[in-house]
Amino acid sequence: MSSNLFLFEAGPDGRVVMIAEDPPRLPLIDELKNFKENLVSSGAIERGNPEGDQWGELAPGAPLPEGYLALSRRDLPPIVGYYGFVRVGLAFQLMNWRRSNRFCGRCGVPMRESEKERAMQCPDCGHLVFPTLSPAIIVAVEKDGKLLMGHNANFPAGRYSVLAGFVDPGESLEETVAREVYEESGVRVKNIKYFGSQPWPFPNSLMFGFRAEWESGEPMPDGEEIDDVRWFSPEELPDIPPSVSISRQLIDDWLRRRTPE
């Protein structure tokens, strides 16, 4: 069975090149020859397995050959399934890591791949750069059978989700939960409990999911990242994130526990 080719357009969105069939499908690595003239870089997904799945990055503005199209990574789960979505995300993170570390941040010398581990290494000063992960929390806050959700300024109109934020240096995950919820909503929480985790390659987050209970405060948006925040009952849910995300998993878990069978 031939291996997959995860090929990305240039730019921060990292749209994925697909074969224009119905439904679209990922190209295979033997199709890499169709993009050779416009390929900036490429590599193997697993170290030491050049025959396995590979990633590639196209040059800015490079046209796609006939029979191909580019799709947003966020649109892929219904097409390639959850496992395929995770593999595309891994490929994008590796590509983006390589693209962002072409030169040593310590001495400026061009970097190269380490022969011993998954890292970029400076051949001059020996500086190592491992793939970047940005830890973040996401939390379902409950009060009297209702769930706290906010509308992010970057969300589509009418979509709400549970609150999330990045971990600061020196914080535990639980401390981040308490801080982020208070900063974004003015609500203080208690009884913080771990739920699960998920890699989220937009661009390189690792999401840690939690449940928590309301302790004090009335919801008030921060006016910057969150422009509306409120309590929702199971009967009045707004538009919510797609099922592939841990945000939806937290919401669905809350619904299962609050909705009579």
Side-chain angles (χ1 to χ4, degrees), residues 2-47 49-81 83-105 107-114 118-123 129-134 152-157 159 166 199-205 242 244-245:
S2 187
S3 300
N4 288 317
L5 172 64
F6 302 101
L7 193 62
F8 301 96
E9 289 188 324
D13 294 336
R15 296 202 306 167
V16 186
V17 175
M18 306 281 286
I19 296 175
E21 297 182 353
D22 187 18
R25 66 175 176 85
L26 289 165
L28 303 177
I29 58 172
D30 57 6
E31 297 175 70
L32 191 62
K33 61 182 181 293
N34 298 331
F35 302 91
K36 282 290 188 183
E37 293 182 359
N38 294 310
L39 197 65
V40 172
S41 61
S42 62
I45 301 295
E46 279 79 34
R47 291 186 71 252
N49 186 15
E51 302 302 320
D53 291 347
Q54 295 188 22
W55 60 265
E57 178 187 9
L58 294 176
L64 297 181
E66 184 177 354
Y68 294 89
L69 54 81
L71 296 177
S72 166
R73 288 177 291 131
R74 295 181 186 273
D75 295 333
L76 290 185
I79 301 172
V80 301
Y83 177 75
F85 173 72
V86 170
R87 293 291 285 178
V88 170
L90 170 60
F92 175 80
Q93 287 182 264
L94 292 175
M95 181 274 294
N96 193 48
W97 165 62
R98 281 273 297 271
R99 177 173 60 187
S100 302
N101 292 280
R102 291 174 177 163
F103 299 93
C104 178
C107 69
V109 169
M111 300 283 272
R112 65 188 182 194
E113 285 195 62
S114 169
R118 175 164 279 175
M120 299 296 288
Q121 185 171 26
C122 176
V129 179
F130 295 91
T132 301
L133 289 177
S134 299
N152 189 292
N154 296 318
F155 283 178
R159 174 167 295 179
F166 288 104
W200 193 246
F202 297 99
N204 50 31
S205 297
V244 70
S245 64

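The structure displayed is predicted, hence computed values, not measured ones. The analysis underlying the following values was restricted to heavy atoms, covering all of them including side chains, and did not include hydrogens, waters or symmetry mates.
Contact between M120 and M111 at its shortest, heavy atoms only, is O-CE, 3.4 Å. When all heavy atoms are compared, the tightest approach of A59 to A10 is C-CB, 4.0 Å. Considering all non-hydrogen atoms of both residues, A62 and L58 come closest at CB-CB, 4.4 Å. The shortest heavy-atom contact between S205 and F166 is OG-CE2, 3.5 Å.
Screening residues 60-70 for salt bridge (charged side-chain N to carboxylate O under 4.0 Å, His left out) gives no qualifying pairs among residues at least two apart or on separate chains.
S100 contributes a side-chain N or O that, together with a main-chain N or O of N96, makes up a donor-acceptor pair within less than 3.5 Å. Judged purely by atom type and a 3.5 angstrom limit, R73 uses its side chain to pair as donor or acceptor with the backbone of P201.
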Show which side-chain atoms of residues 33-43 pair as donor or acceptor with protein atoms under 3.5 Å away, not counting sequence neighbours.
{"from": "K33", "atom 1": "NZ", "to": "D30", "atom 2": "O", "distance (Å)": "2.7"}
{"from": "N34", "atom 1": "ND2", "to": "Y68", "atom 2": "OH", "distance (Å)": "2.9"}
{"from": "S41", "atom 1": "OG", "to": "E57", "atom 2": "OE1", "distance (Å)": "3.4"}

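S134 pairs by the side-chain hydrogen bond (donor to acceptor under 3.5 Å, both in side chains) definition with N204, not counting sequence neighbours. Not counting sequence neighbours, the partners of L69 by the side chain to side chain contact (heavy atoms under 4.5 Å, CB included) test are M18, A20, L71. For W97, the ring-ring contact (aromatic ring centres under 6.0 Å, His included) test picks out no residue, with sequence neighbours left out. When the ring-ring contact (aromatic ring centres under 6.0 Å, His included) test is applied to F6, no partner is found at least two apart in sequence or on another chain. In this view, E51 and N49 satisfy the side chain to side chain contact (heavy atoms under 4.5 Å, CB included) rule, not counting sequence neighbours. In this structure E9 satisfies the salt bridge (Lys or Arg N to Asp or Glu O under 4.0 Å) test together with R15, sequence neighbours excluded. With sequence neighbours excluded, the residues that form a side chain to side chain contact (heavy atoms under 4.5 Å, CB included) with P123 are V109, R112. Here N4 pairs with nothing under the side-chain hydrogen bond (donor to acceptor under 3.5 Å, both in side chains) rule; sequence neighbours left out. Remark: R118 pairs with no residue by the salt bridge (Lys or Arg N to Asp or Glu O under 4.0 Å) rule, at least two apart or across chains. Applying the side chain to side chain contact (heavy atoms under 4.5 Å, CB included) rule to R74 yields the partners S72, W200, F202; only residues at least two apart in sequence or on another chain are considered.
To the nearest 0.5 Å, the span separating CD1 on I79 from CG on D75 amounts to 7.0 Å. Distance check, rounded to the nearest 0.5 Å: CG of L28 to CD1 of I19 gives 6.0 Å. Atom CG of L26 and atom CG of L7 lie 10.5 Å apart (nearest 0.5 Å). Rounding to the nearest 0.5 Å places CZ of F130 at 12.0 Å from CG of N101.
Annotation: side chain of V17 is in contact with side chain of L64 (closest heavy-atom distance under 4.5 Å). I45 has its side chain out of reach of Q54: every pair of non-hydrogen atoms, C-beta onward, lies at least 4.5 Å apart.
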* Step by step, would you call F103 with C122 a side-chain contact (heavy atoms from CB on, under 4.5 Å)? -> CA-CA 8 Å; F103 299 93; C122 176; over 6 Å; no
* Take F92 and F8 through the side-chain contact (heavy atoms from CB on, under 4.5 Å) test and state the conclusion after the steps. => CA-CA 7 Å; F92 175 80; F8 301 96; 3.6 Å; yes
* Step by step, would you call V88 with L76 a side-chain contact (heavy atoms from CB on, under 4.5 Å)? -> CA-CA 9 Å; V88 170; L76 290 185; 3.8 Å; yes
* To do: Take V80 and R25 through the side-chain contact (heavy atoms from CB on, under 4.5 Å) test and state the conclusion after the steps.
  => CA-CA 7 Å; V80 301; R25 66 175 176 85; over 6 Å; no
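Taking 4.0 Å as the cut-off between side-chain N and carboxylate O, R47 and E113 do not count as a salt-bridged pair.
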